[in-house]
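Okay, structure first, notes after.
Bear in mind the structure is a predicted one, so any value in this text is a computation, not a measurement.
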Amino acid sequence: MAVVTLKNAILSLFPANTSHSQNEPLLGEDSTGNAGYAARDVQGLESEIESNSTKTQNISEDNQNQTVLWGLFEKVDPRVMSDIIIGLSDGLTVPFALTAGLSSLGDSKLVITGGMAELVSGSISMGLGGFLAARSESEFYKSQVRKEKQLFFNNKELLEEELEDIFLDIGMSETTTESAIRDLSKSPKAMIDFIIRHGKGLEEPADGRQVTSALTIGLSYFLGGFVPLVPYFFTAIVQTGLIISVLVMGVTLFWFGYLKTAISMGEDCSLWMRVSEGLQMVLIGSIAAGSAWGLVRVIDTN
């Protein structure tokens, strides 16, 4: 309908000249003998409108796909996502450097055996570290809650001073602050939760956080570390396996750095920042693998 309306509007700019013959077509030849200028102009405008409509539709579809993608990431617990990134970061660099170093000895079986041993021990170690970190976080949170509860019953005025500092720091007036403190004082739990969250900056750990963290970090480390080891299973010559492993890890590290930055910083992250982080991961992995390969090579030749 928009195209038809626009066409009619343009045609209205070229009314039939009353001095011309009644049989002369509106879009006929002009005085120079060139036929149908107006008709061609209308066709050009119609094509341009259709082209712009298609481009707008494609952009809308791309934005919709990006929104769905970010929506999926936002549904994942940020702490779980953080554990995945920690596990993959170490898993993609440490085993890669180890297998590259062992490959300089010229034995594929040795690379596979040493790599698998490192993957198992490294996954257990990383998982245990995640478990202990989550347990420490939970214990610290509970200790802060106990401390604030004791203050509420033993020295409520000090707790109210903490609340006053919080409210004044965010720019609330004294009248509003006094009213808010009065309301929160009616519920000890709400008062303590507010101080813990907004005053201490602590969030209550989820149930089963310790086990979840251990499994997430451990499995992420194992999966990330298994990638550079795969080529050695399918090559008889260790140098060939090393070359394939380096190529595969170059691509993997780049996309890991790219996606890690995009997920961590969200939709506002620029393309250059994502690309630079991907290149940085490639550089770190290359330095680690090259150093390990060179060190083992030097030790083996002496």
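Between Phe96 and Thr252, the closest side-chain pair of non-hydrogen atoms is not below 4.5 Å. Here the side chains of Ser291 and Leu295 are not in contact, with every heavy-atom distance at 4.5 Å or above. Using a 4.5 Å heavy-atom cutoff, the side chains of Ser103 and Tyr232 are in contact. At a threshold of 4.5 Å between non-hydrogen side-chain atoms, the residues Leu102 and Trp293 do not count as touching. Contact annotation: the side chain of Leu105 approaches that of Val296 to within less than 4.5 Å [non-hydrogen atoms, C-beta and beyond]. Annotation: side chain of Pro95 is not in contact with side chain of Phe226 (no heavy-atom distance under 4.5 Å). A 4.5 Å side-chain heavy-atom check between Met281 and Met249 finds every atom pair outside the cut-off. Side-chain contact between Val238 and Asp107: absent, with no pair of heavy atoms (C-beta onward) separated by less than 4.5 Å.
Note: Thr177 OG1 to Asp165 CG = 10.0 Å, rounded to the nearest 0.5 Å. In this structure, CD1 in Ile217 is found 4.0 Å from CG in Asp83, a value given to the nearest 0.5 Å. Distance NE2/His198 to CD1/Ile166: 8.0 Å, rounded to 0.5 Å. Interatomic distance, CG of Leu202 versus CD of Glu148, reported as 9.5 Å (0.5 Å rounding). Note that CZ of Arg274 is 9.5 Å distant from CH2 of Trp255, once rounded to the nearest 0.5 Å. Here the CD-CD distance, from Glu157 to Glu162, works out to 12.5 Å after rounding to the nearest 0.5 Å.
Hydrophobic clustering (ILVMFWY, side-chain heavy atoms < 4.5 Å, transitive): Met172 and Leu184 are in one cluster. A single hydrophobic cluster is seen to contain both Leu110 and Leu242, as judged by linkage of ILVMFWY side chains at heavy-atom distances under 4.5 Å, directly or through other members. Residues Phe254 and Ile84 share a hydrophobic cluster, clusters being chains of Ile/Leu/Val/Met/Phe/Trp/Tyr side chains in contact below 4.5 Å. Met81 and Leu88 end up in the same hydrophobic cluster when Ile, Leu, Val, Met, Phe, Trp and Tyr side chains are linked at under 4.5 Å. Residues Val227 and Val251 fall within the same hydrophobic cluster, defined by Ile, Leu, Val, Met, Phe, Trp and Tyr side chains chained together at heavy-atom separations under 4.5 Å.
For Met116, the CE atom sits in a packed shell: over 12 heavy atoms of surrounding residues, nucleotides or ligands are nearer than 6.0 Å. Heavy-atom contacts from other residues, nucleotides or ligands closer than 6.0 Å to CD1 of Ile237 number 12 or fewer. Sparse packing is recorded around CG of Asp207, with 12 or fewer heavy atoms of other residues, nucleotides or ligands lying under 6.0 Å away. Annotation: Phe233, atom CZ; neighbour count of heavy atoms from other residues, nucleotides and ligands within 6.0 Å is above 12.
Of all heavy-atom pairs between Ala97 and Ala288, the closest is CB-O, 3.5 Å. The minimum heavy-atom distance between Ser89 and Ile85, with the atom names listed, is OG-O, 2.6 Å. The heavy-atom pair separating Met273 from Thr261 by the smallest distance is CG-CG2, 4.1 Å. Heavy-atom minimum distance, Pro231 versus Gly241: CB-O, 3.7 Å. The minimum heavy-atom distance linking Pro228 with Ser245 is given by the pair O-OG, 2.9 Å. Nearest heavy-atom pair across Ser108 and Ala236 is OG-O, 3.8 Å.
A ring-centre distance under 6.0 Å is found for Phe194 and Phe167.
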- prompt: So Glu277 and Gln280, side chain to side chain contact (heavy atoms under 4.5 Å, CB included) or not? Walk me through it.
  reply: CA-CA 5 Å; Glu277 287 295 325; Gln280 181 179 333; 3.7 Å; yes

- request: Just do the salt bridge (Lys or Arg N to Asp or Glu O under 4.0 Å) check on Arg79 and Glu137 with the steps written out, would you?
  value: CA-CA 12 Å; Arg79 293 181 178 179; Glu137 179 185 0; 3.2 Å; yes

message: Walk me through whether Tyr221 and Ile86 qualify under side chain to side chain contact (heavy atoms under 4.5 Å, CB included).
response: CA-CA 8 Å; Tyr221 183 90; Ile86 291 173; over 6 Å; no

query: Do Met126 and Leu219 pass the side chain to side chain contact (heavy atoms under 4.5 Å, CB included) test, and can you show the C-alpha distance, the side-chain angles, and the key distance before you say yes or no?
result: CA-CA 9 Å; Met126 291 291 293; Leu219 288 175; over 6 Å; no

message: Walk me through whether Ser173 and Thr176 qualify under side chain to side chain contact (heavy atoms under 4.5 Å, CB included).
response: CA-CA 5 Å; Ser173 64; Thr176 307; 2.9 Å; yes

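A donor-acceptor pair under 3.5 Å links the side-chain atoms of Ser121 to the main chain of Ala117, judged by distance alone. Under a 3.5 Å cut-off, the side chain of Ser138 and the backbone N or O of Ala134 do not form any donor-acceptor pair. Using modelled atom types, no side-chain atom of Ser125 and backbone atom of Gly122 make a donor-acceptor pair closer than 3.5 Å.
Ser213 and Thr216 share no donor-acceptor pair across their side chains, judged by distance under 3.5 Å alone.
Classification of Arg197 and Asp193 as a salt-bridged pair fails, no side-chain N sitting under 4.0 Å from a carboxylate O.
Evaluated for a side-chain contact (heavy atoms from CB on, under 4.5 Å) with Ile244, the options Val246, Val248, Leu247 yield exactly one hit, Val248.
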